[in-house]
Every structure is written in C-alpha cells, then in structure tokens.
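Structure first, commentary second.
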Amino acid sequence: MALTVDIAVVGLGPGGESVATRLAEAGLSVVGIEARLVGGECPYYACVPTKMMIRAADALTEARRVADLAGSAGVRPDWAPVAKRIREEATDDWDDTVAVRRLTKAGARFLRGRARITGPGELDVSTPSGEERVTARKGIVLNPGTEPVLPPVPGLADTPHWTNREAVAVEEVPESLIVLGGGPVGCEFAQVFARFGADVTVVEAQDRLLGLDEPEAGALIAERFAAEGITVRTGAKITSASHDGERFTLEFDGADPLSAHRLLVAAGRRTDLAALGVAAVGLDDWAKGIKVDEHLRAADGVWAIGDVVGEGAFTHMSMYQAGIAVADILGEDSPGANYRAVPRVTFTDPEVGSVGLTESAAREAGISVRTGVAKIESSARGWIHKIGNEGLVKLVADADRGVLVGATSVGPTGGEVLGLLTLAVHAEVQVSALRRMIFAYPTFHRAVEDALKDL
C-alpha cells in the first residue's frame with residue numbers, strides 16, 4: 001500500500017504525539033508511526049508508573065517515621081495496590097487505545113509499525129498487515145526514543161534480567177534484587193523495592209551514584225541508602241553474569257560475587273539509527289544521536305526531537321523541542337532551542353533536582369566559578385522537619401557575570417524547590433537581585449537564601 005501526507009512523524013512518545021497532533025490541527029495531513037505504544041515510554045514504563053511506585057514507597061517510609069514524631073504506627077507493605085494502580089490508572093493494562101483515539105481525533109492518521117527511511121521524504125513501514133510505503137511531501141519528524149542498553153558483560157544477555165519495563169509490571173516484590181546502574185532509574189527502583197521489603201544491592205561502574213549530578217548529591221543518596229539497608233557497590237567491574245534457574249550471580253574483578261533472585265539492568269539507553277535508515281537522508285547511522293540545529297532540523301526536510309537529540313532524555317525536553325519543531329514546520333517566527341537551564345529531577349527520597357551546569361562542568365567550560373552551599377537540616381524548616389530532613393542547596397555562579405549557571409536542590413521537596421532555581425538560571429537573574437528577594441519563612445526553599453550568603 002502507499003500513503004502520501006505532508007508530514008510523517010516516526011515515534012509517538014510525548015513529543016512525537018504532540019507534533020503530530022498540533023500539525024494535524026493546523027491543517028496539515030499527518031501520519032504518526034509507532035511500533036510500540038502511543039505515548040512512548042513515559043506513561044507506560046517510566047515517569048508516570050514509577051512515580052506511583054515512589055509515592056507508595058514514600059508513604060510507607062513516612063508511616064515508619066511516626067515513632068520519631070507522633071507516637072506509634074504499624075506498617076505492613078503490600079505491593080498489590082501499587083500493581084493494581086499502575087494497571088488501572090496509569091497504563092490501562094498497557095493498552096494505548098485512548099492515546100490512539102486522541103491522535104486520530106485531532107486529524108492525524110496512525111500506523112502501527114516500524115518505520116525505515118528509504119530516501120528523502122520516503123519511508124517503508126512494517127505493519128502487522130504488511131509493508132506500507134509512506135511519502136511525506138514536507139518532511140519527516142524523528143522521535144524514535146530509546147531502548148535499554150545491556151552492558152557488554154559476558155553471559156548477561158542470556159539471563160532473564162529485567163529492564164525498567166519488566167520492573168514496572170511486576171506483581172510481586174522479589175526477595176532480593178541487584179540493580180545494575182546507579183543513575184536516576186537505578187536509584188529510584190532500588191529505593192522503591194527496598195522499602196517494600198526486598199534485599200537490594202546497587203552496582204555502579206563509576207565511583208559514585210548519580211554521576212551526572214553534583215558529587216554532594218550522590219553522596220547524600222548513598223548515605224540514605226546505607227541507612228535504609230541498601231548495599232551500594234561503586235567502581236565495580238563485572239566479569240560475568242549467570243542465572244541458574246532461580247538466582248542471578250554476578251562475578252567481579254577484585255570483589256566478592258553477588259547473588260539475588262532478580263537482576264534489574266538500568267545502565268543506559270540507545271537508539272538504533274541504522275535500523276531507522278537515517279543514512280538515506282545523509283545522517284550518520286553509527287552516531288549515538290542525531291545532530292540538529294537550534295530549530296531541530298537534522299537535514300533538509302528532516303527534524304529530530306527527544307532522546308535521540310542528546311540534550312536530555314526527559315519528557316519535558318521532548319515536549320519543549322516539539323513546540324520548536326512545529327513552529328519551524330509551519331513557518332512561524334520563533335526562537336530556537338536554548339538549553340541553558342535544563343531541569344532534571346531524580347525522585348528518590350531525598351529528591352535530587354538539578355539545573356544547568358554542575359561545578360565541574362562550569363569549570364571545564366572556562367567559567368570563573370563561585371559556589372555556595374547550604375544544608376537543609378541546618379535550615380529552620382529542616383530542623384522542624386526532623387527525621388528525613390537530609391538535603392542541600394548548591395549554587396554555581398559565574399563570578400564575572402554575577403549570575404547563576406547551575407544549581408542543585410536535594411531534600412524532601414528538592415524537585416519543587418528547583419523551580420525557583422530554574423527560573424534564576426533561565427532568566428540569568430543577577431545574584432545581587434536574588435539576594436534582595438524575600439524568602440518565606442519557614443520553608444525548604446529558604447535554604448536558597450543561605451546558599452546565596454555562602455557564595
């Protein structure tokens with residue numbers, strides 16, 4: 001079969017779905033192509049269901065803190081309500097009927113299948129009913145997302161390991177779990193399952209957790225993990241992985257082996273650009289991602305958004321880029337992408353919110369750096385909060401320009417406090433102006449004022 005449209009959108013994660021919907025509503029003929037679920041990773045396997053898991057785990061921990069604050073409370077973890085909520089409220093049991101209906105109601109066509117670019121404005125789509133040729137007169141928007149990566153550990157690929165997708169869908173908490181990867185995904189899952197009773201060990205190849213964030217943030221999470229009985233093994237070099245039908249075993253160079261009932265691999269993600277056929281439009285299919293200009297143009301008649309662009313694998317990034325790409329396709333005058341103040345949050349307890357440059361990244365960029373740090377537990381609100389009050393605010397300033405270029409907010413509401421700091425970095429508010437602000441008392445965000453004093 002053959003289909004001719006104005007725009008073909010390959011990959012219907014949040015950004016791709018937004019592009020397809022908005023262009024169709026603007027009057028263009030659009031086809032959206034998705035091999036998996038419309039809506040992408042976020043609503044089915046990542047942002048939404050994992051935060052439901054975290055909300056439940058946090059509720060358990062708050063109940064356990066009653067003895068330190070308000071008397072006594074008995075806590076009995078039960079995963080069943082969590083699994084039920086994920087199926088019924090978040091994912092519709094991993095059914096995207098509502099999302100497909102939303103897309104087609106906006107006027108876009110939908111093809112379920114795997115697309116491959118065969119030339120400028122040309123794609124072949126493998127659908128359940130056969131091959132379909134798509135011609136896109138105005139161009140193609142690529143939003144392919146990413147797939148979990150397996151580290152090159154001998155034997156690992158042959159084991160029945162979990163990725164984030166299997167971990168979200170579990171109906172029972174394992175007795176023991178090894179989490180391979182100490183980034184945001186690994187840390188979030190580790191804490192959730194530990195709080196529901198699993199014996200959890202996190203294995204990280206780098207020398208600290210949350211390697212893209214400030215070292216102080218990773219150290220705080222490691223301390224909390226230790227307090228909650230989560231074992232952390234950093235700087236680990238795995239030599240082999242195996243599964244005997246009941247348990248997984250990891251062997252290490254220079255360290256004792258580890259064994260557990262389940263193994264969760266959260267060690268990065270990638271996109272198969274060769275399978276996508278990007279070489280047919282002059283792009284490098286061996287690259288880690290797709291290079292684009294400030295208007296998300298990757299080539300003549302080709303735009304790329306989301307994880308594959310390499311500016312952050314976040315739903316908010318994909319949606320931000322979607323708006324820029326739509327404006328460019330429609331010929332609207334709009335500013336290009338600005339990544340000065342990209343926020344990110346790891347939803348552990350304490351939450352880790354970061355925006356802009358870390359101290360080390362700022363120094364590597366040749367910036368004259370000044371930093372200021374304030375501990376949450378030393379603030380009035382932190383002292384009042386008592387148990388569970390670990391955290392900090394770290395500011396990274398350009399001393400020459402007198403503005404913040406980065407900030408980190410760790411604490412009970414670290415991601416929410418980050419909003420103030422994101423605005424400051426984005427708008428390049430003068431540090432002197434921030435110092436003249438009135439910070440409400442007693443709030444967690446008042447620690448920003450203390451960090452400003454420490455600059």
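Quick note: residue numbers are just sequence positions, from 1. Bear in mind that the values here come from a model prediction, so they are computed numbers and not experimental data.
Heavy-atom neighbours of Arg116 CZ from other residues, nucleotides or ligands within 6.0 Å: above the threshold of 12. Atom NZ of Lys386 is surrounded by 12 or fewer heavy atoms from other residues, nucleotides or ligands within 6.0 Å. Remark: His295 NE2 is packed, more than 12 non-hydrogen atoms of other residues, nucleotides or ligands lying under 6.0 Å away.
A side-chain contact (heavy atoms from CB on, under 4.5 Å) with Ile178 is found for one member of Val202, Val200, Leu258 and no other, namely Leu258. Each of Val100, Val125, Ile33 was scored for a side-chain contact (heavy atoms from CB on, under 4.5 Å) with Arg112, with one residue passing: Val100.
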* Asked: Run the salt bridge (charged side-chain N to carboxylate O under 4.0 Å, His left out) check on Lys375 and Asp450 step by step: do they pass?
  -> CA-CA 9 Å; Lys375 291 187 175 182; Asp450 295 334; over 6 Å; no

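At a threshold of 4.5 Å between non-hydrogen side-chain atoms, the residues Thr21 and Arg102 do not count as touching.
Using a 30° and 60° split on the angle between ring planes, Trp94 and Tyr45 fall in the parallel class, below 30°. Using bins of under 30°, 30° to 60° and over 60° for the plane-to-plane angle, the ring pair Trp162/Phe193 lands in the tilted bin.
Arg165 has a carboxylate O that lies under 4.0 Å from a charged side-chain N of Glu147, or vice versa, which qualifies the two as a salt bridge. Asp349 and Arg65 are joined by a salt bridge, as a carboxylate oxygen and a charged side-chain nitrogen come within less than 4.0 angstrom of each other. A salt bridge between Glu359 and Arg363 is present, with a side-chain N of the basic residue lying under 4.0 Å from a carboxylate O of the acidic one. A salt bridge is absent between Asp96 and Arg36: the closest approach of a Lys/Arg side-chain nitrogen to an acidic carboxylate oxygen does not fall below 4.0 angstrom. The pair Asp328-Arg297 counts as a salt bridge, with a side-chain nitrogen and a carboxylate oxygen less than 4.0 angstrom apart. Ionic pairing of Asp284 and Lys291 is not present here: no N-O contact between side-chain nitrogen and carboxylate oxygen is shorter than 4.0 angstrom.
Within the structure, the side-chain hydrogen bond (donor to acceptor under 3.5 Å, both in side chains) test picks out no pair touching residues 270-279 (sequence neighbours left out).
Between the side chains of Glu166 and Thr163, at least one donor N or O lies within less than 3.5 Å of an accepting N or O. Counted by atom type alone, Ser129 and Thr127 present one or more donor-acceptor pairs between their side chains at under 3.5 Å.
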